[in-house]
Protein chains: 2
Amino acid sequence: MIDVAGLKKIVGEDWVITERDQMQTYLYDETTPDQRLKPAEHVVVVKPGTAQEISQIMKLANRDKTPVYPRGAGTGLVCGAMPTRDGIVVSMERFDKVEEVDTENLMVVAQAGVTLAQLLKAVGDANLLFPPHPGDEGAQVGGMIAANAGGSRAVKYGVVRQYVKGLEVVLPTGEITTMGGKLLKNNTGLDLMHLMIDSEGILGIITKATMRLYPRFAGTATLVVSFEDRQKAINTVPKILQSGVIPMAIEYVDHEVIVFSAENLGMKWPAEKGRAHLLLILAGANEDDVYAQAETMSQVCQANGAIDVLIAERQQEQADILKMRSEIYSAMKPKIAGDSDITVPPASLGKMLDALDEIAKKYNTKIATIAHAGDGNFHPYMLKELVERGVAEDVKKEIYKAAVQLGGVITGEHGVGKIRLKYLELLMDPKQEEIMRGIKKVFDPNGILNPGTAIR
Amino acid sequence: MIDVAGLKKIVGEDWVITERDQMQTYLYDETTPDQRLKPAEHVVVVKPGTAQEISQIMKLANRDKTPVYPRGAGTGLVCGAMPTRDGIVVSMERFDKVEEVDTENLMVVAQAGVTLAQLLKAVGDANLLFPPHPGDEGAQVGGMIAANAGGSRAVKYGVVRQYVKGLEVVLPTGEITTMGGKLLKNNTGLDLMHLMIDSEGILGIITKATMRLYPRFAGTATLVVSFEDRQKAINTVPKILQSGVIPMAIEYVDHEVIVFSAENLGMKWPAEKGRAHLLLILAGANEDDVYAQAETMSQVCQANGAIDVLIAERQQEQADILKMRSEIYSAMKPKIAGDSDITVPPASLGKMLDALDEIAKKYNTKIATIAHAGDGNFHPYMLKELVERGVAEDVKKEIYKAAVQLGGVITGEHGVGKIRLKYLELLMDPKQEEIMRGIKKVFDPNGILNPGTAIR
């Protein structure tokens, strides 16, 4: 039994939802219906307004041994935020303030429920830049950190982890604690802050974050580079990385897939030639710098078999291209059983794509693919028909095995969540898993925070 | 009693030192004599050649509950590698191979005993770059990672943590395990690799690392910018960071201190004007790019009161300037009781320097200072006379307190080691310390690996 009266006393009556039909949006995330789990039957949603309230919720939950599920925007793809046992969903939506954009220290202090869109706006208004862009702009800061979100713009400046410099966290046992600060160097003891990043909500509830910013790039350009076939496109990626210019993003898209996404949005994909494209996002101190980068990129790509290079410099054009890329998942979602999130060493991209072709051939299906090619991170899409034919699991396992064989992992940016636990055996060292369980117990002796997530 | 026969059986007779007079260099690190601890009386030094041998050493040590002290080059400044209890020093010097410079994936695979000089050479020979430069080039890869080394060139590209993508580690209980790989994105469970970075040798012995590389910058320049006083120099730092150009390094040096270091080396410091200097290291895709950056920097500095700007473009000139900067500690070491390693938010540098002035005035002493100004990381030097006067500890505590009051920490890059444990009470949350002790116990149930280091 969940102590609803106790919860109401902590957060106030208005911030507790007990009616099932009013909490539907809190029970799921963006995982495809074919992959997602069933939410638990008895769930209470609470919306605390302060870290103190969360602390009290954690104490109540420990007293009763009630599971607690921290929840950001629910943009995850692995059921990480889904309540799968009877318990309390703690929604962070009221933690929605950007507390400070510090232009002297180049840092932003944001509460955990601030969305990526809000963050980008606040930072942009101060003429600064938060470099990573992990896809869905509805995602919240706390979730992005708990999941160590990646996205397209990680080639040059890395994933969310690299930007996090300070955290406020409510520990599973209820203590409110801070780690780091507006600091670029900090070696004070074991780095619990870095352990918190990518802990998928099992070690604490992030309530606030301090993140590093950069000066805004005065110049940017987006290149769409077309190739006759995929291998030529993929083989060009290491050449780009060796050229001395590091793009912010190097994305690979199948022509068919990106055209489908464009049509779905009522837009038009600008490249007509070729069956495979690389998208390069370039950024520099000024327009000349970006132009020089674009020249170099164009030469490198043409020397490696590109048949067309389009350069978009106008903001709107660039935004449109990025939108067509970003919305591929939305376009594909109704057609697919699921996606995966494998990562291999960047130079093994081609081999991995060959392996996908072989798997597709063996199962007589198509595996559409988009890839953060500069990072070696891919999202192969499995069609719904595989579920109907009862082979979706087999296909997924073969994809994972091929990635692991190439020195890769089964998740580069989406996380393990609740749906990938069963695949951990493909790559996990049992001793490391034992250590992870030990660490979880140190933080959360009763095992109540987001149980059944991230670790077995 | 240490099982010397057992150790000889594992690594071979030639790789065990039991004679005290032959192991002196293994008993200390670079900590100043006034600060350093006394090494234990009964120490055996072993030099394993493989991870398997280290695994056996750890099993032997667990059986006997014998402390084990992993040791790199001993360039640390906090007695982190010093054996302070009777036990076994495991020297990593035979792990000296750069196994691979992978130009396709832009990764280097190096054994833990490879020195920074060796690493830079191997990477440079492949026309690639390992961006950070944590000072002493004798430092070894394993130590740099265990200490999350920082150094000057962290402003643009960050500290060592950001480059580590994979580790091979022998756990305290003897298992050999690998984390990560040639991967730019990896979110598979709790991030034990990031916990290992900056664990100061208490959670495992790093035997091999995979680190990210960058293309070599075709153009670099070093600027020496002179100011009439320190405040003007320091106040210019945020303006530089906001300008859109991010230097690789922004160093602050007192004129007196750098001239002393230059004279100590028989060299000549190029800037004659001013009492305070900023050193800016710029890097770019080509000479034009660097020249444009230097122009911007020069304008920003002059607008903020710089009285002279020298631009060094020749390699030798740049190397000389960096050498005079890098050797300050060597020059100062005989004169000082100790240095500290405080870090504050970058924009609070000026306030911190004011606080140092006040402390110096109160104790009627001089506190010479060098600072990684772009990072807010400083090394104030305390003169020997403070020890003689019996106030060195008081001065140090006041410096630490001032840093903490400004939102800073007592170590930015050197670590806690064994000598800063007693200052942790100034900033540590007891609950976080309890968690750190819990994590240590999960990894090392017998508490034998580098005891008395990093955590209380």
Under a 4.5 Å heavy-atom cut-off, does chain B meet the side chain of [X], its backbone, both or neither?
X         : result
Asn377(A) : side chain
Ile455(A) : side chain
Ile439(A) : both
Leu190(A) : both
Leu424(A) : side chain
Tyr214(A) : side chain
Val237(A) : neither
Ala147(A) : backbone
Leu129(A) : neither
Thr296(A) : neither
Lys441(A) : neither
Gln432(A) : both
Arg456(A) : neither
Glu200(A) : side chain

Do side-chain atoms of [X] reach the backbone of [Y] as a donor and acceptor pair under 3.5 angstrom?
X         : Y         : result
Lys431(A) : Ile176(B) : no
Asn187(A) : Gly415(B) : no
Gln242(A) : Thr103(B) : yes

Picking from Gly407(A), Ala347(A), Pro238(A), which has the most non-hydrogen pairs under 4.5 angstrom with chain B?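 Highest number of pairs under 4.5 Å: Ala347(A).
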For chain A, which candidate among [options] shows the most heavy-atom pairs at distances under 4.5 Å?
options                                    : result
Gln162(B), Lys239(B), Gln293(B), His414(B) : Gln162(B)
Leu427(B), Val344(B), Asp288(B)            : Val344(B)
Val155(B), Thr177(B), Asp289(B)            : Thr177(B)
Asn127(B), Ile197(B), Thr178(B), Leu213(B) : Thr178(B)
Leu183(B), Asp429(B), Val416(B), Leu195(B) : Leu183(B)
Leu192(B), Leu421(B), Thr453(B)            : Leu192(B)

Between [X] and chain A, with a heavy-atom cut-off of 4.5 Å, which part of the residue counts as in contact: side chain, backbone, both or neither?
X         : answer
Met196(B) : neither
Glu413(B) : both
Leu128(B) : neither
Val159(B) : side chain
Ile202(B) : side chain
Asn148(B) : both
Arg212(B) : side chain
Ile435(B) : both

Determine whether Thr343(A) and Leu184(B) satisfy the following criterion, side chain to side chain contact (heavy atoms under 4.5 Å, CB included), listing intermediate values before the conclusion. CA-CA 8 Å; Thr343(A) 302; Leu184(B) 295 175; 6.0 Å; no
With rounding to the nearest 0.5 Å, note down the distance linking [atom1] in [X] to [atom2] in [Y].
X         : Y         : atom1 : atom2 : result
Glu104(A) : Asn235(B) : CD    : CG    : 8.5 Å
Asp375(B) : Asn186(A) : CG    : CG    : 12.0 Å
Asp198(A) : Thr188(B) : CG    : OG1   : 8.0 Å
Lys182(A) : Ser348(B) : NZ    : OG    : 8.0 Å

Are any non-hydrogen side-chain atoms of Pro215(B) and Ile246(A) less than 4.5 angstrom apart?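 They are in contact (side-chain heavy atoms under 4.5 Å apart), so the answer is yes.
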Are any of the side-chain heavy atoms of Arg161(A) and Asp191(B) separated by less than 4.5 Å?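 Yes, their side chains come closer than 4.5 Å.
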How about Lys351(A): does its NZ atom have over 12 heavy atoms from other parts shown lying under 6.0 Å from it?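 Incorrect, the count does not exceed 12.
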Has Tyr291(A) got more than 12 heavy atoms of other residues, nucleotides or ligands less than 6.0 Å from its OH?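 No, the 6.0 Å shell around OH holds no more than 12 heavy atoms from other groups.
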How far apart are the closest heavy atoms of Lys185(A) and Ala154(B), and which atoms are they?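 Scanning both residues, the minimum pair turns out to be CE-CB, 3.9 Å.
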